[in-house]
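Sharing a structure, written as structure tokens. Questions coming.
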2 protein chains.
Amino acid sequence: MKCSSYEDFFKNFANKTKFLIIMHLKNRKMSVNELAAAMNEEQSKISHSLSKLTKCNILTVEQKGKQRIYSLNKDTVIPIIQLVEKHVEKYCDKQGCHK
Amino acid sequence: MKCSSYEDFFKNFANKTKFLIIMHLKNRKMSVNELAAAMNEEQSKISHSLSKLTKCNILTVEQKGKQRIYSLNKDTVIPIIQLVEKHVEKYCDKQGCHK
DNA sequence: ACATCCTATGAATAACAATTCATATGAAAT
DNA sequence: ATTTCATATGAATTGTTATTCATAGGATGT
């Protein structure tokens, strides 16, 4: 099952785990265990998320020995995040955006 | 409860109903009943969605008699959608992105 | 004040996605 | 071929979000 709609694409940003993975990969590519360690989460949890992110081409993978190294598709993702940052700055902080 | 995180913001795009509302408002501002009719959905369903969209400043409202007219915050939303369109075009269509 | 139209809201339920846990797979080394 | 390390996967469960239904509230006209 591939990412087949805009909704599917956006779901990857609408979940804390997946969003944090994206944030971690902004700086450098990482293996599954590296991510799990950095985020202090279970490996399988990370793997499930990575699977969906990759299906939407938000991430790419390369095999390196036993490891699988995930990288962010920066072309798409960075500009989107920047736009949202700008939006939040403008509309949210001002009004103290708290739950 | 305001939109207080990137995840919250993205949740509005990750749901069919909310996403369709956004699409409908790309062209013109509409009242609740207009949207409900155009989308062939229940009024309360639309209202619940409008509420969340508005809390994240993705939409704005104005009162016009008995009606409440909702408009899209185009500054933020249009560019984001365009980026995702480009992404889907590039990575998805090519490979036949089906479920 | 009352009736009507339009919209919002709360609570219950239904639908869906995320997490967990156990286990399978795959690569490399011995 | 077997062991080890790294990751993936399936199924069950938990957690969250969406939808529905009934009703309340707000604006306008009479």
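First the proteins, then the strands, lettered A, B, ... as listed; each starts at 1.
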For this session: Report the residues that fulfil salt bridge (charged side-chain N to carboxylate O under 4.0 Å, His left out) with A:Glu85, sequence neighbours left out, ordered by chain and then residue number.
Result: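 A:Glu85: no salt bridge (charged side-chain N to carboxylate O under 4.0 Å, His left out) contacts found.
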Seminar exercise, completed: Reading nucleotides 19-30 of chain C from 5' to 3' and marking B where a protein heavy atom lies under 4.0 Å of the base, S where only the sugar-phosphate is that close, and - otherwise, the string is SBBB----BS--
For this session: Return the set of residues passing side chain to side chain contact (heavy atoms under 4.5 Å, CB included) with B:Ala14 (not counting sequence neighbours), or none when no residue passes.
Result: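 B:Ala14 satisfies side chain to side chain contact (heavy atoms under 4.5 Å, CB included) with A:Phe10, A:Lys11, A:Ala14 once adjacent residues are dropped.
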Exercise. With sequence neighbours left out, what residues match A:Ser47 under side chain to side chain contact (heavy atoms under 4.5 Å, CB included)?
Worked result: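 For A:Ser47 the side chain to side chain contact (heavy atoms under 4.5 Å, CB included) partners, ignoring immediate neighbours, are A:Val32, A:Gln43.
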Problem set entry | Qualifying residues under side chain to side chain contact (heavy atoms under 4.5 Å, CB included), relative to A:Gln63, sequence neighbours excluded |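 Side chain to side chain contact (heavy atoms under 4.5 Å, CB included) list for A:Gln63, sorted by chain: A:Arg68.
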For this session: Under the side-chain hydrogen bond (donor to acceptor under 3.5 Å, both in side chains) rule, collect the residues that match up with B:Lys29, sequence neighbours excluded.
Result: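 Applying side-chain hydrogen bond (donor to acceptor under 3.5 Å, both in side chains) to B:Lys29 gives B:Glu62.
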Exercise. OP1 or OP2 of C:dC6 less than 4.0 angstrom from a side-chain nitrogen or oxygen of B:Tyr70, does that happen here?
Worked result: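 The answer is no; no side-chain N or O of B:Tyr70 sits under 4.0 Å from OP1 or OP2.
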Exercise. Counting only non-hydrogen atoms, which of residues 22-30 of chain B are less than 4.0 Å from DNA chain C?
Worked result: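 Listed by number, there are none.
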Problem set entry | Under the side-chain hydrogen bond (donor to acceptor under 3.5 Å, both in side chains) test, residues paired with B:Ser51 that sit two or more places apart |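 By the side-chain hydrogen bond (donor to acceptor under 3.5 Å, both in side chains) rule, B:Ser51 matches B:Lys55.
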Problem set entry | All pairs passing disulfide bond (SG atoms under 2.5 Å apart) where residues 22-84 of chain A contributes a residue, at least two apart |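 Sorted result for residues 22-84 of chain A: A:Cys3-A:Cys56.
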For this session: Using both pair distances under 3.5 Å as the test, note the stems of at least 3 consecutive Watson-Crick or G-U pairs that include DNA chain C.
Result: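 If one scans DNA chain C for consecutive Watson-Crick or G-U pairs, the stems found are C:1-30 with D:1-30.
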Exercise. Looking at residues at least two apart in the chain, or sitting in another chain, which of them share a side chain to side chain contact (heavy atoms under 4.5 Å, CB included) with A:Ala38?
Worked result: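 Expected list: A:His24, A:Met30.
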Considering only distance and modelled atom types, tabulate donor-acceptor pairs under 3.5 Å from the side chains of residues 72-81 of chain B, sequence neighbours left out.
{"residue": "B:Asn73", "atom": "OD1", "partner": "B:Asp75", "partner atom": "N", "Å": "3.4"}
{"residue": "B:Asn73", "atom": "ND2", "partner": "A:Tyr91", "partner atom": "OH", "Å": "3.1"}
{"residue": "B:Asn73", "atom": "ND2", "partner": "B:Asn57", "partner atom": "O", "Å": "3.0"}
{"residue": "B:Lys74", "atom": "NZ", "partner": "B:Lys26", "partner atom": "O", "Å": "3.2"}
{"residue": "B:Thr76", "atom": "OG1", "partner": "A:His87", "partner atom": "ND1", "Å": "2.7"}

